[in-house]
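Values reported hereafter were calculated over all heavy atoms of this structure, with side chains retained and with hydrogens, waters and symmetry mates removed.
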Amino acid sequence: HNYIENLSVRNVRDFMRLMEDAECDAKAKDSEGFFKARFRFSVAPEERSEVIRILRQGKLTDDQIIYMRRTGVLDIKDKVALRPSYIVEAVGVLAALLAFVLGLVALFAEPYGLPSLVVLGKQMCLTFSFFGMLGLSLYTFVGPHRLARRARGRMASAEAKTRTQAEEEQ
């Protein structure tokens, strides 16, 4: 057990950091409020255990589950599933490449006439805007889909390992 000399926890997320993973998982499965505080979304009781299974077998963190849920990769319609899309990721990569090229063009474009501080300021703002779009494209479209594919691979290997162990016991 953890020895806590002064327990002055102000919110549930701080309290969860003090708990063991198995205990935190059990509370999240049993309590909707605890689950919502942990993952920042609500699901039906039967779906909570499925989210926890994806978390553990996919070797993900709570923040990664929240990230994939917010970007639509963690789908909770018929059943809880990771649904990465190569098409969405490709569109994200293309948008990032476009923003990168436009950012470089804006950065190295030479203004007509003598450059003034106002023109250079506008040019830098435009450049930073394009590079911001680059980061947003990668964060929104590319990152969660790659993360979900990696987690699905880990889940498949964990399930194969479980099946192999079950066959060996028979």
Heavy-atom closest pair, residues [X] and [Y]:
| X | Y | result |
| --- | --- | --- |
| A96 | L138 | CB-CD2, 3.8 Å |
| R152 | P84 | NH1-CD, 2.9 Å |
| I52 | A28 | CD1-CB, 4.1 Å |

Kindly compute the distance separating CZ (F34) from NZ (K36), expressed to the nearest 0.5 Å.
15.0 Å
Nearest 0.5 Å, please: how far is CE in M124 from CG in L107?
6.0 Å
Report the C-alpha separation of F141 and V91 in whole Å, then their side-chain angles, then the decisive distance to 0.1 Å, and conclude whether the side chain to side chain contact (heavy atoms under 4.5 Å, CB included) test is met.
CA-CA 8 Å; F141 299 113; V91 168; 5.7 Å; no
Please, which pairs that meet side chain to side chain donor-acceptor pair (under 3.5 Å) have at least one residue in residues 123-146, sequence neighbours excluded?
E89-R146
4.5 Å side-chain heavy-atom contact, [X] and [Y]:
| X | Y | answer |
| --- | --- | --- |
| F39 | L74 | no |
| R69 | I76 | yes |
| L147 | P144 | no |
| I65 | F41 | yes |

Test R48 against E32 for side chain to side chain contact (heavy atoms under 4.5 Å, CB included), laying out the working first.
CA-CA 9 Å; R48 288 184 213 139; E32 181 181 357; 3.3 Å; yes
Sequence neighbours left out, what passes salt bridge (Lys or Arg N to Asp or Glu O under 4.0 Å) with D78? Give chain and number order.
none
By salt bridge (Lys or Arg N to Asp or Glu O under 4.0 Å), E47 pairs with (sequence neighbours left out) none
Under the side chain to side chain contact (heavy atoms under 4.5 Å, CB included) criterion, do M68 and L60 qualify, and how do the steps go?
CA-CA 10 Å; M68 288 191 296; L60 299 167; 3.4 Å; yes
Keeping the roles fixed (side chain from Q64, backbone from T61), state whether a donor-acceptor pair exists under 3.5 Å.
yes
For S31 and K27, indicate whether the former's side chain and the latter's backbone hold a donor-acceptor pair under 3.5 Å.
no
Taking side-chain contact (heavy atoms from CB on, under 4.5 Å) as the definition, give me every residue that meets it alongside [X], ordered by chain and number, with sequence neighbours left out.
| X | value |
| --- | --- |
| Q57 | R53, M155, A158, E159 |
| L126 | A106, F130 |
| A22 | none |

Would you say that more than 12 heavy atoms from the other residues, nucleotides or ligands in this model lie under 6.0 Å from the CZ of F100, or not?
no
Would you please name every residue forming a ring pair (Phe, Tyr, Trp, His ring centres under 6.0 Å) with F128, sequence neighbours left out?
none
Residues that [X] engages under side-chain hydrogen bond (donor to acceptor under 3.5 Å, both in side chains), provided they are two or more places apart:
| X | result |
| --- | --- |
| D30 | none |
| D62 | R38 |
| R56 | D25 |

Applying side chain to side chain contact (heavy atoms under 4.5 Å, CB included), run through R83 and V73 and close with a yes or a no.
CA-CA 5 Å; R83 301 198 195 288; V73 176; 5.7 Å; no
Pair listing, salt bridge (charged side-chain N to carboxylate O under 4.0 Å, His left out) test, anchored in residues 90-107, at least two apart:
none
Apart from L120 itself, what residues make up its hydrophobic cluster, given side-chain heavy atom links below 4.5 Å?
none
